[in-house]
Amino acid sequence: MQVSFWRSVHAIVGAATTVAALAAAPVLGAQERAGPGSIRGVVTSRDTHQPIFSARVSIASPARAAATDERGRYTLRDIPAGTYAVSITALGRSPALDSVRVVAGEATTLDVALEQGSLLLSSVIVSATRTPTQSNQVASTVNVLTPYQIRTSPARETQDLLREIPGVELPRQSSAVGGTSQIVSIRGVDEGRTVVTFDGVPITDAWGEWVDWSKVPEPLLDRVEVVEGGTSNLYGNGAMGGAISFFSRPIAPGSYDLQLDGGSREARHLFASTGVPIARGLSAMLTGDYADGGGYTLIAPQNAGPVDQPSQSIRRNALARLEYAPSSQLSAYLTGHLFGDSRDLGTALSQTNRRSSSIDAGLDYGVLERGQLSLRAWDSEQRENQYVSSVAADRASERRTALLQIPSHDWGAGAQWTRTHLFGLQSFALGADVRHLNGFTGETDFAANGGTSQLLSGGDQLLGGVFAQGVLAPIEPLRVELGARVDHWTNANGVAIDANGATSYPDQSRDAFSPRVGIRYQVARPFSVHAAVYQAFRAPNLAELYRKFTSGANTNLPNPALRPEYARGYEAGLDWQPAQWVQVKGTAYNADMRDLNTFVVIAPNTRQRQNVQKTRSRGGEAYLAVHPIQPLMLSASVNYDDVKIVAGPPGTKIGQRVGRVPVQKQVLRVSYTSPALGSWTVIGRHEGVTTTLQGVPLAPYTVLDASVRREIVPGFTGFVTLENVGNASYQIALTAAQNGIASLGLPRTLRVGVEAFRY
């Protein structure tokens, strides 16, 4: 596997270098001899003339972005001579787009005054249509976490940022204390059915589609885009619930960001990132991220025993990116990423760790008005070890029961051509992508009498698809989005090896078609409605297809004949801003999911996954934002999700709620920002009744988080965050409804830190 990884590294580096050199040759020949230029200025409010803090100012190619400081100032550095479209966005303001001519070796000034605009969606989103679009114009339910929301959030982990979005359903435990393998759901579709990417590259693992949020350092984030509802028309496999896209902040040469913080229970965190100039048009970005400590005893005090101890985690990230951007029409990059995650999960013998290495490369050539070609490729290798233990009923003793070793390999590539104003369309995108997954699990079971048994299972999966997406506006108030995608995949080389010998499984091939139609109609300037209908799918993952394992007295058999799962859904919503200081939006939705695979008892003590379950998700979400005075912003959101089983194998309780999907979620955010006092944020989160995967009910809970940030001197900021201000005790797991062992969520956690930066 190591040999194949480095062969892929060599191939991607060679291809990216060759294409970049060929495309850049004529550009470099004409480039001026002087060094690069820059764009700088001040962003203010048009009505009050006050500076706007944390407005995002960016250009697309070369990728440059900056967030304004408390004085509204920004700088975009190391920009080749040329003409650029500069995008300026800020929460509560209408986006602005200005054209600027950059002269080599000089600083160009661009001061911008933003008008009042959408209080909920005022940024530009890419993931909803694969084309840059104002987020309050797309015919989808979208949410964007802006640089301001990320920087002022009390959350210390990337996963926990998403808790502000009510349609996103996460386990109750923070990713800082749970295992390396995490899940995510949107609108109740459950784990493995939401696409999650970081700079366009999937971060779900190749074996079981688990998400390791720690691979995305929170201080490196520029923005987060969430598209709800089926999006397989754009992203193919797994996008039954929607798509979550993380984007890193471009670090230009001469820029840096250094963050140091610590807090409760000896938590420590260090983040550093800098841009380094190498040659004309060529630069590097280096990033390091380390965190440990902050763990606690998960088991409730009344249930804890001698074996229980504080959980511990250590996270390590090292990223290096080489960027080549000689002009406004050409940019290319190559990124290497090393990641390590080691955890003690609350007892001495329960441990897990992951090690991964990956590279990805990309190239963008052209401009949207005349056609832009984007190429992406990646290669990733991961090795995970899980030490499983069994704890006695009195929690006085513990015995190691299994060791799982899970090596996996994932590579893929994609191409997209995009153009605006083609054949009467506002935008058009045509693309194709491919992804190959290879994974195995080696399970060593330890019997109480000292004996051992071993199981090995795994295989390969190759997925590929082509898609087209067009946006048209036949009349001025109407916007129509039409998209469709065809996917084909093959499951191959499936094998399971145990004491009885090796079993090989036949190869299988499947196809899927994923259409989507969305419309948005601007009834009046402050009021619009939108609707969409779609079909999305998910192919079974390698663990579901090929893993053979034991669980207690049960033997779980693989099923290489598993079919894809499908979701057919529709939604309708509105967006109303009757005054500049208040806005309301909401969406009602329905999705019918069929052929979901679940375990079925096929013989005494023998189970197998089969496509037998159907569920229905019905619900809605609503948002309210109020901006009564310039420094103060209040926003509230609520989600109601009624997800029930419609059909299943014999013994299924028809009408039972799907586990791990809360009935309702509410979020309240209050932010106050001024140059004198800094940025103060309070976030209240409430989650209603939910159940564990086994159907055990968990009680509702409410948590209050708070943070304050203030610039001490220009380029140097201090911050304090407090999670779970009231030290609320809430359940994250429960083994049984009566007399069960309960695990508790994050207790009160204080962090104090400083950040030195130059954007």
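Note that this is a predicted model, so its numbers are computed, not measured.
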Before giving the answer on ring-ring contact (aromatic ring centres under 6.0 Å, His included), spell out for Trp489 and Phe537 the whole-Å C-alpha distance, their side-chain angles and the decisive distance to 0.1 Å. CA-CA 12 Å; Trp489 67 97; Phe537 82 99; 5.3 Å; yes
Nearest heavy-atom contact between Gly518 and Ala139 is C-CB, 3.6 Å
Is Arg187 close enough and on-axis enough to Tyr589, meaning under 6.0 Å and within 45°, for cation-pi? yes
Matching residue for Asn597 among Glu565, Gln608, Gln610 - test: side-chain hydrogen bond (donor to acceptor under 3.5 Å, both in side chains): Glu565
Salt bridge or not between Glu481 and Arg520? Use side-chain N to carboxylate O under 4.0 Å. no
In a check of side-chain contact (heavy atoms from CB on, under 4.5 Å) between Thr194 and each of Val189, Val227, Thr231, which one passes? Val189
Should we count CG of Asn739 as having more than 12 external heavy atoms under 6.0 Å? no
Would Asn590 and Arg618 count as having a side-chain donor-acceptor pair, cut-off 3.5 Å? yes
Under-4.0 Å salt bridge between Arg510 and Asp487: no
Atom pair CD/OG of Glu225 and Ser245 - distance to nearest 0.5 Å: 6.0 Å
What I want to find out is whether Asp592 reaches Arg616 closely enough, with some N-O distance under 4.0 Å, to be called a salt bridge. yes
When rounded to the nearest 0.5 Å, the distance separating CZ of Arg223 from OG of Ser135 is 10.5 Å
Taking 4.0 angstrom as the limit, do Arg669 and Glu164 come out as a salt bridge? yes
Does Arg395 form a side-chain contact (heavy atoms from CB on, under 4.5 Å) with Ile299? I'd like the steps, not just the answer. CA-CA 10 Å; Arg395 306 196 71 79; Ile299 300 299; 3.7 Å; yes
Which value, rounded to the nearest 0.5 Å, describes the distance between Thr598 atom OG1 and Asn611 atom CG? 10.5 Å
Cationic tip of Arg130 above Tyr235 ring, under 6.0 Å, 45° of axis: yes
In terms of heavy-atom contacts, does NZ of Lys665 have more than 12 from other residues, nucleotides or ligands at under 6.0 Å? yes
Could you check whether the rings of Tyr546 and Tyr505 sit parallel, tilted or perpendicular, using 30° and 60° as the cut-offs? parallel
Distance alone, cut at 3.5 Å: any donor-acceptor contact between the side chains of Asp507 and Thr490? no
With a 3.5 Å cut-off and no angle check, do the side chains of Ser185 and Glu169 form a donor-acceptor pair? yes
Show the numbers, then the answer: is there a salt bridge (Lys or Arg N to Asp or Glu O under 4.0 Å) between Arg343 and Asp341? CA-CA 7 Å; Arg343 298 173 185 251; Asp341 193 328; 2.8 Å; yes
Whether the Glu571 and Thr141 side chains hold a donor-acceptor pair (N or O, under 3.5 Å, no angle test) is what I'd like checked. yes
Separation of Glu209 CD from Arg538 CZ (nearest 0.5 Å): 4.5 Å
So does Asp160 pair up with Arg163, basic N to acidic O under 4.0 Å? yes
Can Asn559 and Arg609 be counted as having a side-chain donor-acceptor contact under 3.5 angstrom? no
Any side-chain donor-acceptor pair under 3.5 Å between Thr347 and Glu398? yes
